[in-house]
2 protein chains.
Amino acid sequence: MDKKKKIIIADDHPLFLYGVKQIVEESGKFEISGEFNSGEDVFEFIANTKPDFAILDVRMPECSGLEIVEKISDAGLATKAILLTMYKNLNYFYKAVSLGVKGYILKDTATQELLSALEKISYGGVFISEGLQKQLKNRKIDSHKQEIVLLSINSLTASERNILRLLAEWKSTKEIAEELFISERTVSNHRNHICEKLNLKGANRLVRFAIENKELF
Amino acid sequence: MDKKKKIIIADDHPLFLYGVKQIVEESGKFEISGEFNSGEDVFEFIANTKPDFAILDVRMPECSGLEIVEKISDAGLATKAILLTMYKNLNYFYKAVSLGVKGYILKDTATQELLSALEKISYGGVFISEGLQKQLKNRKIDSHKQEIVLLSINSLTASERNILRLLAEWKSTKEIAEELFISERTVSNHRNHICEKLNLKGANRLVRFAIENKELF
DNA sequence: GAATGAATGAGTAGAACTACTCATTTTTTT
DNA sequence: AAAAAAATGAGTAGTTCTACTCATTCATTC
């Protein structure tokens with residue numbers, strides 16, 4: 001048998017972390033070399049210890065799983081990232097794929113799926129949660145649109161991202177203007193630009209997008 | 001030593017369920033007599049098997065933890081409910097307290113906390129997550145207001161709850177009107193009544209409330 | 001049977017957001 | 001240095017939601 005592969009886990013829910021740890025260790029094929037309760041310091045640890053796998057929660061305090069994956073990718077590290085998420089948000093998924101994530105698992109369909117994923121990825125494969133695959137099939141028509149959305153997010157400027165961030169906190173145009181010391185008109189214009197770029201139309205669509213895609217910008 | 005106490009667990013995230021199960025069983029003092037991946041059938045199982053504890057996720061498909069607790073309370077069962085939640089939403093907490101919940105634990109501060117809770121509750125106590133206690137202290141001034149909000153939710157009528165439910169799905173007044181075959185004005189009036197009852201003021205406040213308190217109505 | 005509450009609908013005024021177009025200044029890129 | 005992109009601001013029209021007041025019908029309660 002091969003040497004045990006090293007895995008680090010990061011999730012802000014301790015009980016969840018515990019569950020992942022148990023399942024991974026029980027299999028006898030892997031070794032947990034690091035555990036984290038937030039996204040903080042995770043990338044530094046990966047860069048220093050170069051584990052084989054990194055199992056990351058998408059939504060975490062300090063630094064989201066997606067951000068960590070981005071850093072791993074930028075640094076050209078060999079650590080294979082597996083994302084765990086609660087949400088069937090396809091935008092997160094496309095973002096993850098574009099960052100070279102090897103596994104994407106939904107928390108509500110994941111126990112033995114996790115081991116299958118590790119197995120498959122060990123041999124150079126890619127693993128996607130069954131629940132998400134269904135989602136992908138159902139929305140075959142929309143998938144192209146959603147990829148465009150993702151590309152569009154990359155085209156957002158710093159100010160636009162900033163405003164999206166504040167919108168995700170339910171702040172109004174007026175509140176954002178006051179917070180950033182700029183005119184309401186400027187904020188309003190930025191909002192419109194974002195809507196154009198993301199092709200969002202109708203009442204509250206932008207606020208909704210901001211709230212449902214917090215981790216994406 | 002006493003006989004092992006029976007516990008049932010319900011959570012729609014299998015890995016989480018697994019973590020809870022491991023921790024509870026490791027202690028040697030408790031026995032898992034039932035596991036559920038959704039809120040469905042949970043109450044029936046509790047009514048039939050009368051376990052000592054029920055560890056329930058607040059947000060679950062089919063039937064939320066809060067609903068299950070309500071049924072336990074209505075049926076006058078002795079099963080002690082412990083709620084697990086991801087969200088520091090105090091409204092959920094107040095609702096839980098009003099339903100006679102014995103433990104309220106945040107998922108992001110819970111591992112050994114869970115055993116302490118079971119221990120404490122066994123001896124007739126009540127357990128509240130440390131993270132939430134802080135929250136309660138910080139908002140001491142607001143706490144009265146929030147309790148009023150909770151009371152007010154009980155005063156909502158069936159139609160009003162229905163509209164809140166649709167608002168939580170980001171539906172607009174027009175969409176709700178079409179879906180319920182009533183006039184936009186009627187929906188608008190209901191919205192205003194709800195705002196009055198819940199003392200919500202300003203742009204998007206109602207939509208925000210609906211989205212952040214889905215499980216409450 | 002009168003009173004109350006609930007569901008339904010409308011009128012009006014104002015606030016906030018959407019959806020356009022346009023202009024000026026600054027920064028970045030080439 | 002010239003061109004392009006970004007940040008800032010404004011004009012105007014239309015939509016949606018907020019915040020009131022009011023009326024009618026129906027069911028429940030007392």
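The shown structure was predicted, so the numbers you read here are calculated from the model rather than taken from an experiment.
- Remark: A:Leu200 CG to A:Leu206 CG distance equals 6.0 Å, nearest 0.5 Å.
- Interface residues of residues 156-165 of chain A facing DNA chain D, ordered by number: A:Thr157, A:Ala158, A:Ser159; criterion, heavy-atom separation under 4.0 Å.
- Each of A:Arg191, A:Lys197, A:Arg165 was checked for a salt bridge (charged side-chain N to carboxylate O under 4.0 Å, His left out) with A:Glu160, and the lone residue meeting it is A:Lys197.
- A:Phe181 has its CZ atom 18 Å from the P atom of D:dA7, to the nearest Å.
- Other residues, nucleotides and ligands contribute only 12 or fewer heavy atoms inside 6.0 Å of the CD atom of B:Glu130.
- Across the protein-nucleic acid pair, B:Leu180 atom CG and C:dA6 atom P stand 18 Å apart, rounded to whole Å.
- Taking the six-membered ring where the residue is Trp, A:Phe217 and A:Phe209 present parallel rings, their angle staying beneath 30° rather than reaching 60°.
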> If the sugar-phosphate is the primed atoms plus P, OP1 and OP2 and the base is the rest, what is the B/S/- string for nucleotides 16-30 of chain D, using protein heavy atoms under 4.0 Å?
Replying inline: SSBBB----------
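- In this structure, B:Lys107 does not pair ionically with A:Asp12, as no charged nitrogen and carboxylate oxygen lie closer than 4.0 Å.
- For A:Phe36 and A:Phe45, the ring centers are positioned less than 6.0 Å apart.
- Applying the salt bridge (Lys or Arg N to Asp or Glu O under 4.0 Å) test to residues at least two apart or on different chains, the pairs with a partner in residues 174-189 of chain B are B:Lys171-B:Glu179.
- Between A:Thr186 and A:Lys197, the residue anchored nearer the 5' end of DNA chain D, judged by the nucleotide with its closest heavy atom, is A:Lys197.
- The residues A:Arg208 and A:Glu212 are annotated as salt-bridged, a charged nitrogen and a carboxylate oxygen being separated by less than 4.0 angstrom.
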